[in-house]
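Beneath this line is the structure, given in structure tokens, with notes to follow.
Whatever order the structure lists ligands and atoms in, that order sets their numbers, starting from 1.
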Amino acid sequence: MEVGIIGGGKWGQALHFAFSKNHKSRLYSRTPKHIEGFASLEEVLACPLLVFALPAQVVGEWLEANFVDKGQSILVAAKGIDVRKHIFLNEMFAKHLPENRLAFLSGPSFAAEVMRALPTALVISSHNTSLAQTYEKLFPSFIKTYTNDDVVGAEVSGAYKNVIAIASGICDGLELGNNARASLIARGLVEMARFGVHFGAKESSFLGLSGAGDLFLTASSTLSRNYRVGLGLAHLRPLEQILKELGEVAEGVYTAKAIVSMGTKEGIYTPIAKEVAHMLEGKPPLESLRDLLSQNG
Ligand SMILES: NC(=O)c1ccc[n+]([C@@H]2O[C@H](COP(=O)([O-])OP(=O)(O)OC[C@H]3O[C@@H](n4cnc5c(N)ncnc54)[C@H](O)[C@@H]3O)[C@@H](O)[C@H]2O)c1
Ligand SMILES: O=P(O)(O)OC[C@H](O)CO
């Protein structure tokens, strides 16, 4: 099979590496990469199976400027909620192609470990089961895939876990201990599920790879860009400097604000996301911690 990947960042390159094991994979990036299979945007868009691996916050503008519907299907590999429009990625893509040509990738997956062909398990969610199964065939044997139809559950899991990961990095940066981090992650899972179920997600999705799996991974490792943002905030470093040194996207920085806006509008209790958004705007972490611990949710 032939696949075209849009986005040559860490995740696009990792998926390109994985797909190239058994299939013809082409990768497009706005900054040319000297890797086998690098192709023009036109060549990539000519592939019937596409994978979108750009940051969530550029989805809208990128699709408007570049996407031409020629009957392709898209596997969305980005994780985030648009901070300007406060809508899910499936809603952004649905403006350009029908839901039966859309699938969403989620689960615990550091690009760096995929590049080392380490065992990984992922979820492909789509309202079109046949499409999900088609995308499954692209993955090599070191990546175990599961499919389901809970698109919202996959999206909310992948997006929200980044926000909890920032909180976890703050917790560890403040040296609050393992008890505190475990409690934070557990309550973060409850908060993610509450938010997702409100928008139609299946609660069970949050107990699986998309939710708990990706949350445990991201909230407990310095391989996570979002976790590292939290460490920096705990040490009172300016967010601009943290992101500059990171040099890669940390989706939770933007998704936190989107969640708080959506939660406020819908009346959903999102205490951790709320405090993360406050800390991203400069609220002292210890003050946030005090407010979080005094909440009676
Ligand atoms: N890195 C991982 O381990 C990993 C794993 C799973 C999912 N993801 C998700 O994949 C998405 C991409 O993450 P990443 O790790 O590849 O990020 P990255 O920071 O490594 O790369 C982002 C890429 O997007 C490009 N880009 C940014 N703005 C653009 C624009 N307006 N137009 C065109 N290109 C633009 C950058 O040049 C860069 O190549 C994110 O949503 C992330 O959450 C990442
Ligand atoms: O580095 P992060 O925090 O964006 O996490 C990467 C992946 O989403 C982990 O599943």
Closest heavy-atom pair and its distance - Leu102, Val76: CD2-CG2, 4.4 Å

Which atoms from ligand 2 have a heavy atom of Asp214 less than 4.0 Å away? 9 (C), 10 (O)

What atoms in ligand 2 come closer than 4.0 Å to a heavy atom of Gly107? 10 (O)

Would you find a donor on one side and an acceptor on the other, under 3.5 Å apart, between the side chain of Glu136 and the backbone of Leu131? no

Contacting atoms of ligand 2, where contact means under 4.0 angstrom from a heavy atom of Asn226: 2 (P), 3 (O), 4 (O)

Measure the distances from the heavy atoms of Glu251 to every atom of ligand 2 and state whether one is below 4.0 angstrom. no

For ligand 2, which atoms have a heavy atom of Ser224 less than 4.0 angstrom away? 1 (O), 2 (P), 3 (O)

Would you check if there is a donor-acceptor pair between the side chains of Thr255 and Asn162 at a distance under 3.5 Å? no

Donor-acceptor contact below 3.5 Å, side chain Glu203 vs main chain Val197: no

Which residue and atom name correspond to the protein heavy atom nearest atom 4 (O) of ligand 2, and how close is it? Arg225 NH2, 3.1 Å

Is Glu36 atom CD crowded by more than 12 heavy atoms from other residues, nucleotides or ligands, each under 6.0 Å away? no

So which protein residues pack against ligand 1 under 4.0 Å, heavy atoms counted? Gly8, Gly9, Lys10, Trp11, Arg30, Ala53, Leu54, Pro55, Ala56, Val58, Glu61, Trp62, Ala77, Ala78, Lys79, Ser109, Phe110, Ala111, Arg225, Glu248, Val249, Glu251

Other residues, nucleotides, ligands: >12 heavy atoms within 6.0 Å of Glu61 CD: yes

Shortest heavy-atom approach to atom 7 (C) of ligand 2 - which of Lys10, Arg228, Glu113, Lys161: Lys161

Parallel, tilted or perpendicular: rings of Phe142 and Phe17 (30°, 60°): tilted

Classify the side-chain pair Thr218/Ser224 by whether it contains a donor and acceptor separated by less than 3.5 Å. no

Do Glu275 and Lys283 sit within salt-bridge range, that is, some charged N less than 4.0 Å from a carboxylate O? yes

May I ask you to list the atoms of ligand 2 that are less than 4.0 angstrom from any heavy atom of Ser109? 7 (C), 9 (C), 10 (O)

Mark up the atoms of ligand 2 that fall under 4.0 Å of a heavy atom belonging to Leu217, in ascending order. 9 (C), 10 (O)

With a 3.5 Å distance limit and no angle check, can you tell me whether Glu191 reaches the backbone of Ile272 through a side-chain donor-acceptor pair? yes

